[in-house]
Amino acid sequence: DLRRDLTIQAIRSTIVDVPTVRRHKLSSLSVTAQSYVIVEVRLANGAEGIGEAATLGGPRWSEESVEAIKANIDAHLAPALIGHQADRFEATGVLLDSAAKRNNAAKAAIDTALFDAVGRTLGVPAHQLLGGLVRDSLPVLWTLASGDPAQEIEEAEAKLAARLHDTFKVKIGALSPDADLARMRRLTTALAGRARFIVDANQAWDETTANRCLPMLAELGVTLVEQPLPAWNVAGMARVRARSAVPLMADECVFSTHDMLGVAQAAAADVVSLKLVKHAGLLNLHKVAAVAEAAGIGLYGGCLLESSIGAAAHLQAFAGLRELAWGCEHFGPQILTDDLVEEPLRFEDFRVHLPAGPGIGVTLDRDKLRRYARA
Ligand code: MUC
Ligand code: MG
């Protein structure tokens, strides 16, 4: 049956740059536009699928930049899959792993596009190919990252008033620890009783600084501290965690299932942030989640400021996890001045909603792809 021929025929990659509504500052980088690689897959039956590889500030959040992602997809990853069956997700993962070490964001974008194309062929959403639905919406937080507390309070007030977000992640580490603590005091005081806060240091602190600052963050009511130490310092995270009243979340220190096992064995985190760019695809995200679950480590739906394409892919993967106790942060579509899909994701009542429909549930707007494609 030709309609069911799932042979992978073509894989195309396009770099896009989409402006953000304001400057977004992390500990060691800042962006005014988000750069993605959009992957389009075509199967022999004519079905098409899309996926997205997100980056943040070039190769500075992780080692992958959009330029490297596109080069490695075109030269190594795409050729390894042409002629293979799109619905053999584990087997295509093996092929991608033998074609390139790591390159997890590039692999995730391809894997997403395969789930999308297969879902569209079969008329089922991607979550159904992954074990089925547990939830169709998730609490979604907003990230404050201008570095200016007056602006951040105003931004948070607007999000609360619009009933979009009532939990805020504050990006710290670009300022001195004392300046960040003063900033956190201003934010938590201004929004006391109306908002919850977590912070993400993006590896900026050393162990001594973390030990000094965490009790003050606890006193301000901060509920979670993400990646306070460099990714390599898992032993340090474990020591900090043993003394801390605030739970710790692992982000840049957990890419692979092996990383997750190491963090669990070291007792270095209470929660893990799950992201396609780190785990190389939807199936692998579920594997990392399974290792965390086995260790009693809580799950959080992480992001890298994806557009509605990448966010929808994450929601498909998050939809089937048993517990996602810490909610998610897929606010990406809201921080872009424009989106790349025909119908953007729905944000309502402090939650983001899983789109209905086959595959990842969103459809690429080709005019937008052309408009934001890098020349
Ligand atoms: C990160 O490190 O968590 C997620 C939200 C945000 O503002 O930055 C990202 C990456
Ligand atoms: Mg983080």
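Start at 1 and go down the list; that is how both ligands and their atoms are numbered.
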Ligand 1 contacted by Gly302 (non-hydrogen, < 4.0 Å):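 Checking ligand 1 against Gly302, which is what was asked, there is no heavy-atom contact under 4.0 Å.
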Non-hydrogen atom of Glu226 closer than 4.0 Å to ligand 1: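 Yes, Glu226 has heavy atoms under 4.0 Å from ligand 1.
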By number and element, which atoms of ligand 1 are closer than 4.0 Å to a non-hydrogen atom of [X]?
X	answer
Cys303	4 (C), 5 (C), 9 (C), 10 (C)
Asp200	1 (C), 2 (O), 3 (O)
Leu304	10 (C)
Thr143	5 (C), 7 (O)
Glu329	3 (O), 4 (C), 5 (C)

Which residue owns the protein heavy atom closest to [atom], what's the atom, and how far is it?
atom	result
atom 10 (C) of ligand 1	Lys275 NZ, 3.5 Å
atom 6 (C) of ligand 1	Lys171 CE, 3.1 Å
atom 7 (O) of ligand 1	His24 NE2, 2.7 Å

[X], N/O/S atom nearest the Mg ion (ligand 2):
X	answer
Asp200	OD2
Glu226	OE2
Asp251	OD2

For residues [X] and [Y], determine if any side-chain heavy atom of one lies less than 4.5 Å from a side-chain heavy atom of the other.
X	Y	result
Thr363	Arg120	yes
Leu340	Asp365	no
Lys278	Glu252	no
Pro228	Met237	yes
Lys275	Asp251	yes
Trp326	Thr167	no

Identify whether the distance between the nearest side-chain nitrogen and carboxylate oxygen of [X] and [Y] falls below 4.0 Å.
X	Y	answer
Asp367	Arg371	no
Glu207	Arg239	yes
Lys107	Glu64	no
Glu154	Arg22	no

Asp251 N/O under 3.5 Å from ligand 1 N/O: yes
Shortest reach to atom 5 (C) of ligand 1 by a heavy atom, considering only Asn202, Leu305, Ile335: Leu305
